[in-house]
Amino acid sequence: AQSVAQPEDQVNVAEGNPLTVKCTYSVSGNPYLFWYVQYPNRGLQFLLKYITGDNLVKGSYGFEAEFNKSQTSFHLKKPSALVSDSALYFCAVRDTGNGGSQGNLIFGKGTKLSVKP
Amino acid sequence: DAGVTQSPTHLIKTRGQQVTLRCSPISGHKSVSWYQQVLGQGPQFIFQYYEKEERGRGNFPDRFSARQFPNYSSELNVNALLLGDSALYLCASSLERGGYTFGSGTRLTVV
């Protein structure tokens with residue numbers, strides 16, 4: 001079955017330190033991978049995506065993600081965290097199966113990022 | 001440019017009632033998808049419509065239905081509401097499959 005796993009419910013980082021939010025996936029075929037951020041009582045905001053090409057993808061607000069095919073991972077990173085980065089982060093993969101949800105997104109359960117001053 | 005707009009932003013319904021949620025996609029986007037996000041979970045796919053035809057359906061009961069209009073806006077209907085239908089309902093639009101832009105959602109509370 002196709003799936004996305006975000007192994008950490010919460011990540012705590014001090015402002016100015018680097019941050020990593022982990023994501024692993026399981027799909028058949030080539031993965032299309034996405035990261036979204038959700039602020040309280042808001043919808044999802046797109047951060048970045050990997051379709052093909054360079055394994056290091058740069059996105060919005062200084063975030064980047066590294067695609068690792070051998071480890072089936074797509075971890076989100078930022079060199080220097082800001083307090084305003086505190087939010088809920090979702091990793092998603094496009095469903096490549098043959099069922100009714102083909103082409104749509106399968107989300108992880110989310111990771112709460114807390115950046116302290 | 002206006003993004004994906006959803007209405008209403010919040011509503012409260014009683015068990016057994018019916019609800020209609022609305023979504024207007026980004027201008028030029030012909031695909032609309034609906035997702036349900038239960039508190040503490042990631043969004044789950046409900047429906048996708050493209051050019052007014054259903055292109056995909058997730059694992060949801062028949063109480064859930066949707067449609068897309070000629071202007072590409074969409075409605076999600078839920079009949080016979082259950083307490084478990086309480087969630088944030090998200091609409092996303094795209095030019096093609098993948099690369100979805102989400103609206104701010106409709107928070108449905110069933111009491």
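Residue numbering restarts at 1 for every chain, and letters A, B, ... go by the order of the sequence lines.
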>> I need the residue from B:Gly42, B:Gly105, B:Gly40 with the largest number of non-hydrogen atom pairs under 4.5 Å to chain A.
In response: B:Gly42

>> Please determine whether the number of non-hydrogen atoms from other residues, nucleotides or ligands lying under 6.0 Å from atom CG of B:Asn71 exceeds 12.
In response: yes

> When you look at NZ of A:Lys112, are more than 12 heavy atoms from neighbouring residues, nucleotides or ligands closer to it than 6.0 Å?
Replying inline: no

>> Using heavy-atom distances under 4.5 Å, tell me whether A:Gln6 contacts chain B through its side chain, its backbone, both, or neither.
In response: neither

>> Tell me every residue that passes ring pair (Phe, Tyr, Trp, His ring centres under 6.0 Å) with B:Tyr35, counting only those two or more places apart in sequence or in another chain.
In response: A:Phe107, B:Phe45, B:Phe102

> So how far is it from B:Gln37 CD to A:Phe90 CZ, rounded to the nearest 0.5 Å?
Replying inline: 4.5 Å

Do [X] and [Y] belong together in a cluster built from hydrophobic side chains that touch within less than 4.5 Å?
{"X": "A:Tyr36", "Y": "A:Leu113", "value": "no"}
{"X": "A:Leu19", "Y": "A:Tyr39", "value": "yes"}
{"X": "A:Leu44", "Y": "B:Leu108", "value": "no"}

For a 4.5 angstrom cut-off between non-hydrogen side-chain atoms, does [X] reach [Y]?
{"X": "A:Asn104", "Y": "B:Tyr100", "value": "yes"}
{"X": "A:Phe46", "Y": "B:Thr101", "value": "no"}
{"X": "B:Pro43", "Y": "A:Leu105", "value": "no"}

> Where is the tightest heavy-atom contact between A:Arg42 and B:Leu88, given as atom of each residue plus distance?
Replying inline: O-CD2, 4.0 Å

> So which heavy atom on A:Gly43 is nearest to which on B:Leu90, and how close?
Replying inline: CA-CD2, 3.9 Å

